[in-house]
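Counting begins at 1 with the first residue of the sequence.
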Amino acid sequence: MRKIILVILIFVPTVIIGQIDKQKIISKFVITNGTKNGNDITGLLLEQQAYLVFYAEDDNGLCLANVWVKNNSKSYGKVLDKMYHKSEVMSMEFESNILSFKWNYENTYNNKQGTANVELVMINKPIGKVFMMTIISENSDVLRYNGYVEGSLILN
């Protein structure tokens, strides 16, 4: 048992450090609720500890990942064709930033690749930033996620 723990203590930091060298996390989006094609999947998302993350890779630019921790799976890939605008008025008159882009993704759980259209709305509230993200895949599946933002994503 001690040998296993020792191997884990030596190996895990090496893996984590290796990943940090290749990817720089910019912003993490903690999902608190969501739907797929209008059906509530909040329970599954919370059970999976799902989150979204923008990260930078030296050779690939800005990237996005949709991570499901419990399943050890993710959809990830490069962000393309970014369009940004700022809105001063929302329903509660909080400043919001809107980023639309194409996402070239690959799934680790089924090796499917594709391109999705994504819209990210970040709302600046006194308690912090919240977000709404809509992802529309090539087969017209619609994922909508809501939650809060950890870190800062400069949209411009």
Which heavy atom of [X] sits nearest a heavy atom of [Y], and at what distance?
{"X": "A116", "Y": "S137", "answer": "CB-CA, 4.1 Å"}
{"X": "V149", "Y": "S27", "answer": "CG1-OG, 3.7 Å"}
{"X": "K70", "Y": "E47", "answer": "CG-O, 3.1 Å"}
{"X": "S96", "Y": "V121", "answer": "CB-CG1, 4.3 Å"}

Enter the distance from [X]:[atom1] to [Y]:[atom2] here, rounded to the nearest 0.5 Å.
{"X": "N33", "Y": "L46", "atom1": "CG", "atom2": "CG", "answer": "8.0 Å"}
{"X": "I98", "Y": "M132", "atom1": "CD1", "atom2": "CE", "answer": "8.0 Å"}
{"X": "T35", "Y": "Y145", "atom1": "OG1", "atom2": "OH", "answer": "9.0 Å"}
{"X": "T115", "Y": "N104", "atom1": "OG1", "atom2": "CG", "answer": "4.0 Å"}
{"X": "L52", "Y": "I135", "atom1": "CG", "atom2": "CD1", "answer": "6.0 Å"}
{"X": "K82", "Y": "L120", "atom1": "NZ", "atom2": "CG", "answer": "12.5 Å"}

Shared hydrophobic cluster, [X] / [Y] (ILVMFWY, side-chain heavy atoms < 4.5 Å):
{"X": "M122", "Y": "Y148", "answer": "no"}
{"X": "F131", "Y": "F101", "answer": "yes"}
{"X": "I31", "Y": "I136", "answer": "no"}
{"X": "L62", "Y": "W103", "answer": "yes"}
{"X": "Y109", "Y": "L143", "answer": "no"}

For a quick check under 3.5 Å, do N66 and Y105 share a side-chain donor-acceptor pair by atom type?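 No - no donor-acceptor pair under 3.5 Å links their side chains.
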So does N37 have more than 12 non-hydrogen atoms from other groups sitting under 6.0 Å from CG?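 Yes, CG of N37 has more than 12 neighbouring heavy atoms, counting only those of other groups under 6.0 Å.
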For L80, does the CG atom have more than 12 heavy-atom neighbours from other residues, nucleotides or ligands under 6.0 Å away?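 Buried by this count: over 12 neighbours within 6.0 Å.
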Considering only heavy atoms from C-beta outward, does the side chain of [X] approach that of [Y] to under 4.5 Å?
{"X": "E57", "Y": "Y55", "result": "yes"}
{"X": "V67", "Y": "Y76", "result": "no"}
{"X": "N97", "Y": "N124", "result": "yes"}
{"X": "V130", "Y": "N146", "result": "no"}
{"X": "L99", "Y": "E119", "result": "no"}

Dump the intermediate steps for ring pair (Phe, Tyr, Trp, His ring centres under 6.0 Å) on F29 and F54, then the final yes or no. CA-CA 8 Å; F29 295 74; F54 280 96; 5.6 Å; yes
Main chain of K74, side chain of T108: is a donor-acceptor contact present, judged purely on distance under 3.5 Å?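 Yes; judged by distance alone, with no hydrogens or angles, the pair exists.
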Polar side-chain atom of Q48 near backbone of N71 as donor-acceptor pair, under 3.5 Å: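 Looks like yes, one N/O pair under 3.5 Å.
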